[in-house]
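In what follows, a single structure is set out as structure tokens and then discussed.
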Amino acid sequence: DIVGAKRSEAEHLLGVISKKLQEKVDLFKSEQEVYAKEKDQLESKQSLLYQAYQHQQQLKARKESLEALEADFSGFYQGVKDILVAREKGHLKGISGAVAELIQVKPEYTKALETALGASMQHIVTETDDDARKAIAFLKERKMGRATFLPKSVMKSRKLSKDSVQAIAAHPAFVETADELVSFDEQNRKIVENLLGNVVIVKDLQGASQIAKIAQYRFRVVTLDGDIVNAGGSLTGGFSKQQSSVFTRKAELEELSTKLTAMNETIYQAESAISQLKNTVDTRSKQLEIRRVEGEEIRAQELEVSSDLRELEATFKRLKEREYIFQSENEHVSGRKNELSQKQELAQ
């Protein structure tokens with residue numbers, strides 16, 4: 001019958017829709033799990049990036065602070081500072097700079113070289129001895145401070161001979177002669193060799209004593225920790241908070257520059273990765289919304305077909321009831337008819 005056929009068709013359609021809806025629900029849940037993981041990753045990376053920003057700002061602030069001190073020649077003796085300021089203003093010619101400005105040292109050798117140089121770190125290097133005399137006159141005229149000058153034109157190298165170095169180089173505590181552990185412009189070689197060429201850097205004090213003995217106490221031996229075996233055999237050592245803020249500041253500035261470069265690159269890479277991940281998360285979020293709308297549409301279809309099916313089932317039930325009543329009435333009429341027929345036959 002027509003109603004039965006429609007009911008079967010509705011049941012089939014409802015099955016198809018329910019299956020499709022379940023597939024959409026499963027897909028939505030699966031994508032939602034991926035979205036949740038990606039969102040957590042994004043939040044975690046953003047949190048780390050914010051920490052990196054804070055660290056970057058701290059490094060920048062410290063670097064700017066040290067650069068301000070550098071620009072003001074903070075930490076130099078007054079006379080030295082006066083000469084360096086005069087050089088910047090163009091009042092003096094032939095001033096190359098303070099020794100601390102002209103050499104570079106790796107962080108691991110900073111304490112040893114600070115000790116090896118001592119006060120000479122603040123000596124001022126000039127092109128000629130005439131430049132040095134003019135600078136001294138400049139300080140006198142203005143009643144400023146005092147300074148020691150190292151003219152390139154007259155300074156002589158005091159670098160240890162190869163034989164002297166060879167005699168101690170095999171010792172396990174030997175590091176290098178001090179002049180070999182600093183970087184400098186070639187035009188300042190004689191200055192560096194004069195100040196550091198006859199100083200030996202070693203690992204520890206015990207090794208320093210042994211090397212000094214081998215060398216017959218003819219030159220200074222300085223440990224990485226800043227202890228000294230002086231020429232002649234006397235020992236100097238102990239604890240010092242900071243021997244030269246000028247030199248330490250310079251080393252820290254170089255280290256900060258390296259760290260900032262690395263930090264900037266790390267932040268750039270992180271920003272790029274976060275940007276890509278954010279795009280992925282945003283796309284996933286939009287896709288989830290599309291899945292949700294699709295699911296709602298299919299669920300609406302399911303509800304509509306379910307409602308139609310209930311109506312068809314109700315109609316089918318009513319028709320069945322009417323069919324039953326019709327059959328009962330028909331049977332009753334047929335029985336009555338037979339009964340009347342029998343009575344009519346008996347009456348004849």
Side-chain angles (χ1 to χ4, degrees), residues 66-67 69-88 91-136 138-139 144-160 175-201 219-224 226 228 230-231 236 240 242-255:
L66 290 176
E67 285 173 339
L69 292 174
E70 283 275 280
D72 193 44
F73 301 110
S74 178
F76 284 103
Y77 303 143
Q78 188 58 48
V80 177
K81 183 176 180 179
D82 292 335
I83 293 297
L84 296 177
V85 170
R87 175 196 63 180
E88 293 298 299
H91 296 161
L92 289 172
K93 302 293 183 182
I95 306 296
S96 298
V99 171
E101 293 183 302
L102 302 177
I103 61 176
Q104 295 79 44
V105 186
K106 292 180 179 179
E108 60 266 33
Y109 301 129
T110 299
K111 181 172 280 190
L113 268 298
E114 283 179 349
T115 303
L117 285 166
S120 64
M121 285 181 57
Q122 298 207 30
H123 290 355
I124 296 173
V125 177
T126 63
E127 293 297 327
T128 67
D129 53 340
D130 186 52
D131 294 324
R133 285 191 294 272
K134 287 179 180 177
I136 290 173
F138 178 87
L139 291 174
M144 293 177 170
R146 292 171 63 85
T148 298
F149 297 87
L150 308 176
K152 295 179 190 177
S153 60
V154 298
M155 297 296 292
K156 304 298 180 184
S157 171
R158 292 196 296 171
K159 188 172 177 63
L160 292 175
V175 175
E176 190 53 89
T177 54
D179 61 303
E180 296 291 341
L181 296 178
V182 298
S183 301
F184 53 89
D185 191 296
E186 187 60 31
Q187 65 176 334
N188 295 316
R189 176 169 292 281
K190 285 186 179 179
I191 300 293
V192 173
E193 291 181 352
N194 178 275
L195 297 175
L196 299 172
N198 62 343
V199 179
V200 174
I201 306 300
F219 46 75
R220 276 192 305 158
V221 182
V222 180
T223 71
L224 294 177
I228 311 169
N230 297 290
T236 303
S240 176
Q242 188 173 350
Q243 293 188 7
S244 174
S245 61
V246 177
F247 209 58
T248 305
R249 180 175 66 222
K250 188 177 178 183
E252 186 180 353
L253 262 173
E254 292 177 2
E255 186 180 0

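Only heavy atoms go into these numbers, but all of them, side chains included; no hydrogens, no water, no symmetry mates. Computed from a predicted model, the values in this text were never measured in an experiment.
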Distance check, rounded to the nearest 0.5 Å: [X] atom [atom1] versus [Y] atom [atom2]?
| X | Y | atom1 | atom2 | result |
| --- | --- | --- | --- | --- |
| R249 | L69 | CZ | CG | 5.5 Å |
| L195 | L117 | CG | CG | 6.0 Å |
| Q78 | I83 | CD | CD1 | 11.0 Å |
| F76 | I124 | CZ | CD1 | 8.5 Å |
| Y77 | T148 | OH | OG1 | 9.5 Å |
| I136 | R146 | CD1 | CZ | 8.5 Å |

Quick check: does any side chain N or O of [X] sit under 3.5 Å from a backbone N or O of [Y], one acting as donor and the other as acceptor?
| X | Y | answer |
| --- | --- | --- |
| R220 | A116 | yes |
| N194 | K156 | yes |
| K159 | T177 | no |
| E255 | P107 | no |
| K93 | D131 | no |
| E67 | L253 | no |

4.5 Å side-chain heavy-atom contact, [X] and [Y]:
| X | Y | result |
| --- | --- | --- |
| V175 | Y109 | yes |
| E186 | R189 | yes |
| V125 | K152 | yes |
| L160 | V200 | yes |
| E176 | I201 | no |
| E70 | E101 | no |

Check against side chain to side chain contact (heavy atoms under 4.5 Å, CB included), L196 and L113
CA-CA 9 Å; L196 299 172; L113 268 298; 3.7 Å; yes
Show the nearest heavy-atom pair for residues [X] and [Y], with the distance to one decimal.
| X | Y | value |
| --- | --- | --- |
| A147 | G79 | CB-C, 4.4 Å |
| I103 | F184 | CG2-CB, 4.1 Å |
| A112 | V222 | O-CG1, 3.6 Å |

Report the C-alpha separation of D185 and L102 in whole Å, then their side-chain angles, then the decisive distance to 0.1 Å, and conclude whether the side chain to side chain contact (heavy atoms under 4.5 Å, CB included) test is met.
CA-CA 7 Å; D185 191 296; L102 302 177; over 6 Å; no
Side chain to side chain contact (heavy atoms under 4.5 Å, CB included) with M155: of L150, T126, D129, only one passes, and it is L150
Any donor-acceptor N or O pair under 3.5 Å, side chains Q104, S183:
no
Side chains of S96 and E127: any donor to acceptor distance under 3.5 Å?
yes
Indicate yes or no: does E114 engage K111 in a salt bridge with an N to O separation below 4.0 Å.
no
Would K106 and L181 count as a side chain to side chain contact (heavy atoms under 4.5 Å, CB included) here? Give the steps.
CA-CA 8 Å; K106 292 180 179 179; L181 296 178; over 6 Å; no
Go through it in stages, so that I can follow the logic: the residues are K81 and D72, the test is side chain to side chain contact (heavy atoms under 4.5 Å, CB included), and I'd like the CA-CA distance, side-chain angles, deciding distance and then a yes or no.
CA-CA 8 Å; K81 183 176 180 179; D72 193 44; 3.5 Å; yes
Would you please test D130 and R133 for salt bridge (charged side-chain N to carboxylate O under 4.0 Å, His left out) and show each step?
CA-CA 5 Å; D130 186 52; R133 285 191 294 272; 3.6 Å; yes
